[in-house]
**Student:** 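Quick one: this structure, given as C-alpha cells, is what I'll be asking you about.
Since the model is a prediction, treat every value here as computed from it, not as a measurement.
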2 protein chains.
Amino acid sequence: MLKQKITLKHIAKELDVSISTVSKALKNSEEISRDTKEKIQAFAKLYNYKPNNIAISLKNKRTKNIGVIIPDIVHHFFTTVIRGIENYANAKGYNVIVCLSDESFDKEVINMEMLANGSIDGFIMSLSAGTEKKKDFNHLKEVTEQGIPMVLFDRVTSEINCDKVLIDDIQGAYVATKKLLDEGRRKIALLTTEDFFSVSMNRNKGYKKALKDFGLEVNPDLVLKLPFMDIDEAKIEDFLNQIEPDAILSVNEIFGIYGMRVVQRKGLNVPKDISIIGFTDGLLAKHANPSITSVAQHGELMGETAAKMLIEKVESENEEETYRTEILQPTLIERESTLNQV
Amino acid sequence: MLKQKITLKHIAKELDVSISTVSKALKNSEEISRDTKEKIQAFAKLYNYKPNNIAISLKNKRTKNIGVIIPDIVHHFFTTVIRGIENYANAKGYNVIVCLSDESFDKEVINMEMLANGSIDGFIMSLSAGTEKKKDFNHLKEVTEQGIPMVLFDRVTSEINCDKVLIDDIQGAYVATKKLLDEGRRKIALLTTEDFFSVSMNRNKGYKKALKDFGLEVNPDLVLKLPFMDIDEAKIEDFLNQIEPDAILSVNEIFGIYGMRVVQRKGLNVPKDISIIGFTDGLLAKHANPSITSVAQHGELMGETAAKMLIEKVESENEEETYRTEILQPTLIERESTLNQV
DNA sequence: TATCAACACGAAACCGTTTTCGTCTTTTTT
DNA sequence: AAAAAAGACGAAAACGGTTTCGTGTTGATA
C-alpha cells in the first residue's frame, strides 16, 4: 500500500547506472551527458524523488535545524520571539526545534544535551528561572566549547561568551517611570519579581534612576517583590491598600493586570485616579479595559535578530571568536491607562 | 580551542581496539570482556562521549523527532496544545519541531515537504485557514501514503484517513447557548467566522440546535460573520447596536473581548444587562474585567492526546491501517460575564 | 592429545548521500 | 597514426553509528 521512499540506489538499479551517476545527474553535473541526465531527471521527477535529509546531514555535518530553548511557551513574549525566529529561519531554509525548559534548570540541561549531539547547528535560548537562580552555566559552557554557535536573548548571563540580543531594560523602565513622573505622579509603586532575574533587576534600576534624576528619593516600601508563578492577588491588594500609590509600574504584563483589577475593585478610576504602565506589550495589555500603556519589547524583532546572528555564525567559515551583543530599544506604547500628554 | 566531538573511531584508535568493540562495550554487550568494557566505558565517560543522533537516525530510520505544523503560534490555544505535545513527547524522548503555516496553504505545503524527507517520524498538525478554504489536501495525502503517521487536531478534514483529536464543538456551543437560555436570555447574538472553518461551522450548529431544542426560532440576523484577521470593531459595534442582544456567544476569545468592549462603552453592565460567553479559555477571557465565561477546549490535553496517538503509531510494528478519532469534551468555565446559577 | 565449546574480538555491510579519483572510450591534435 | 585531451561514467571512501557473521584463542572434554 505505502509507496516506499525512493532512494538513489533504487533509481540507479532501475536505470542500470551507478549511484554516483544518479547523484551527479540530479545535481546537473557537467560530467554527465545530456541524454543520461534527462533520463535520470525524468525518472526522479516521475517517482517524486526527494533526497533524504538525514543522510545529507550526516554527510555535510549540517542539519539545517536550529534549536530554541525557552522557559515557557504560554507567554506572549516568547511566542512572538519564536515567530520572529521562524520567520527568518524558514526563509533561510532552516527548521526550528522548540524545547521548553519550563523554568527548570534540569529540563534545560536535558534539552540541551538532547539537541547538542548532532541534531542542530546552533542554539537560540533564554535562560530558565532555575538556571538564573542557580547561576550554574556549565551546560552552556560545554556547548559553546564544542564550537556550537549560540545566541542568548532576553534572559542572558555575562558568564558565557556568545552572541546576545536583549532590550535596554533600564531604559525601558526609565522612560516608563519618567512618563508617570511627567504626568505628575509622585508615589509610583513598582511591582517586580524576585531579584535573580536579570531583566527585573535592570528594570528596577531604570525605575530608581528615573526617580533620582527627578530629584526624588527611592522609597523601598513602594516596591513589591512577587514570585513569578502562582500570583497571590491578596498580597497585591494588601500592598496597594497600604501604600495607596498614584501610579503603578509593573515589570511584566500580568502583575499590571492584577494591579489594575485590584484598584478598580476599590473604585478607583484608571487613569484618572491612578496610572498604570506594564512591561511586555502583549494581548492582555492591549485588550484590557482600559487598555494598558506598555513598554514594548519587540519580541518578533528580537527573534529575527537572534536568528540572523545565529545563522550568520553557523554559515561563516572563519572560526574567529568575536561575539556581539545587540541591544534593542524598547518603545512606550501609550494607551488608556495613563493620562494623555498634550 | 574547541574540543572536537569525540566519535567511536577516536576511542577505538586511542584504545587500540576496533570500532565494533567500542560500540558493543558502550552498550554493555555480553560479547565483550569485563576488562575491556570497563576500560572503554571509563574512557568514554572521561571524554564525555555521546553518540551522534544523526548517524543513529540514519541507521535506525527513526529520528525521534516529531513535526508539528500549526497555523499560528501567537494564539493561546495552539500554544497550550504545543505545551501538551512537548510534555508527552519529551517524556518519551522525542524532540518537537515546530513549523508555522501562518494560515497559508503554500507555507503549509513547504513546511510539510521540508520535514517529510526524513527529518521526522510523524506529523501533528492543525489545518491552516488557506487549506480549509482551498480544500486541497494532496500534501497530506502524499505524506500518509508514504506511511508517515499523522495526527490531525482541532482543524481537521474528513478527506484524510488518519488519527484525529478534536473537541466536541457542537456540544460546546450547545452547552454555552443553553446556559444563556437558562439565564433567561432570548436574543443571543453569535459572533462567528466565515464558513470554511470546520470548527466554526460546528459551533454554529450547536448554537442553532440549542435554540431549536428550546423551541426558539433561529434568527439569521443575530449572526455576524467576521474575517478572522484584522478585526473591524466598528462592524461589531454597528451589528450590536442594531440588534441589541441580551447575550453574546463568540466562537473564539477575541471576538468576545471586542464584543464586551463595545457593550461596555455603550454603558451596559456585563452580566446584568447582557451576558457574554466565548470559546477558547485563554488568558484574555480569564483576565478580562469582568472575566469571561468560556468554553474550555483543553488544549494541553489535546496536545498530549495527539502526541500519545502519534507515538503509539510510530512505535507500533504492525502496519494495520486503523485510525481513531478521539473526541474531547469541552467544559464551560463559568466566570463573571454570565449570571450565577443558584 | 585431538576435538569442541565458549570467549573475546574484528571485518564488513549497511543506512543514503556526496565527492574524489580513477578508467575506459571517443575525439582531437600534431 | 600515435599521442594527448576530452567526455562519460563507476568504484570507493567518507559521514558515525549498529549489527551480523566470521575467526583466532583459550579452556574443557573425551
**Student:** Answer with base, sugar-phosphate or nothing: what part of the nucleic acid does A:Lys27 contact at a heavy-atom distance below 4.0 Å?
**Tutor:** sugar-phosphate
**Student:** Please figure out whether B:Glu31 or B:Tyr49 has its closest DNA chain D nucleotide nearer the 5' end.
**Tutor:**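 The residue closer to the strand's 5' end, by nearest nucleotide, is B:Tyr49.
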**Student:** Please work out if A:Ser33 contacts a base, only the sugar-phosphate, or nothing of the nucleic acid, heavy-atom cut-off 4.0 Å.
**Tutor:** sugar-phosphate
**Student:** A side-chain contact here means heavy atoms from C-beta on lying under 4.5 Å apart; do A:Asn48 and A:Leu46 qualify?
**Tutor:**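 Side-chain contact under 4.5 Å: no.
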**Student:** How about B:Leu140 and B:Met112: do any of their side-chain heavy atoms sit closer than 4.5 Å?
**Tutor:**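 The answer is yes, as the side chains (C-beta and beyond) meet within the 4.5 Å cut-off.
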**Student:** Inspect the contact between B:Arg83 and A:Asp72 and indicate whether a charged nitrogen and a carboxylate oxygen are less than 4.0 angstrom apart.
**Tutor:**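 Here A:Asp72 pairs with B:Arg83 in a salt bridge, since their nearest N and O are under 4.0 Å apart.
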**Student:** Before giving the answer on side chain to side chain contact (heavy atoms under 4.5 Å, CB included), spell out for B:Thr131 and B:His139 the whole-Å C-alpha distance, their side-chain angles and the decisive distance to 0.1 Å.
**Tutor:** CA-CA 10 Å; B:Thr131 306; B:His139 50 307; 4.0 Å; yes
**Student:** With sugar-phosphate meaning primed atoms plus P, OP1 and OP2, does A:Lys59 contact a base, only sugar-phosphate, or nothing at under 4.0 Å between heavy atoms?
**Tutor:** base
**Student:** State whether a side-chain donor-acceptor pair under 3.5 Å links B:Asn90 with A:Asn111.
**Tutor:**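 Short answer, yes.
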**Student:** Reckon B:Thr7 touches a base, only the sugar-phosphate, or nothing at all at heavy-atom distances under 4.0 Å?
**Tutor:**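 The answer is sugar-phosphate, as B:Thr7 gets under 4.0 Å only of primed atoms, P, OP1 or OP2.
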**Student:** What contact category does A:Thr36 fall into here, base, sugar-phosphate, or nothing, at under 4.0 angstrom with non-hydrogen atoms?
**Tutor:** sugar-phosphate
**Student:** Take A:Asp121 and A:Lys64 through the salt bridge (Lys or Arg N to Asp or Glu O under 4.0 Å) test and state the conclusion after the steps.
**Tutor:** CA-CA 6 Å; A:Asp121 294 339; A:Lys64 284 268 182 176; over 6 Å; no
**Student:** More 5' along DNA chain D: A:Ile32 or B:Ser23, using each one's nearest nucleotide?
**Tutor:**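 Per heavy-atom nearest nucleotide, the more 5' residue is A:Ile32.
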**Student:** Reading DNA chain D 5' to 3', which nucleotide is the first, and which the last, to come under 4.0 Å of any heavy atom in chain A?
**Tutor:** D:dA8 to D:dG16
**Student:** Hey, which of B:Asp154, B:Leu152, B:Ile160 is the one that makes side chain to side chain contact (heavy atoms under 4.5 Å, CB included) with B:Val156?
**Tutor:** B:Leu152
**Student:** So which atom in B:Gly93 and which in A:Met114 form the shortest heavy-atom distance, rounded to 0.1 Å?
**Tutor:** O-CE, 3.4 Å
**Student:** Quick one: closest heavy-atom pair of B:Ser101 and B:Pro71, and the distance?
**Tutor:** OG-CA, 3.1 Å
**Student:** If you pin B:Asn60 and B:Thr21 to their nearest nucleotides in DNA chain C, which one's is more 5'?
**Tutor:**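 Looking at DNA chain C, the more 5' nearest nucleotide goes with B:Thr21.
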**Student:** From the 5' end of DNA chain C to its 3' end, which nucleotides mark the outer limits of contact with chain A, defined by a 4.0 Å heavy-atom distance cut-off (strictly under)?
**Tutor:** C:dC15 to C:dC21
**Student:** Run B:Ile82 and A:Val98 through side chain to side chain contact (heavy atoms under 4.5 Å, CB included) and show every step you take.
**Tutor:** CA-CA 10 Å; B:Ile82 291 193; A:Val98 174; 5.5 Å; no
**Student:** For DNA chain D, what residues of residues 111-121 of chain A have any heavy atom nearer than 4.0 Å?
**Tutor:**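 Correct list: empty, so none.
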**Student:** Would you kindly say whether A:Ser18 and A:Thr21 are connected by a side-chain donor-acceptor distance under 3.5 Å?
**Tutor:**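 Per modelled atom types, A:Ser18 and A:Thr21 side chains form a pair under 3.5 Å.
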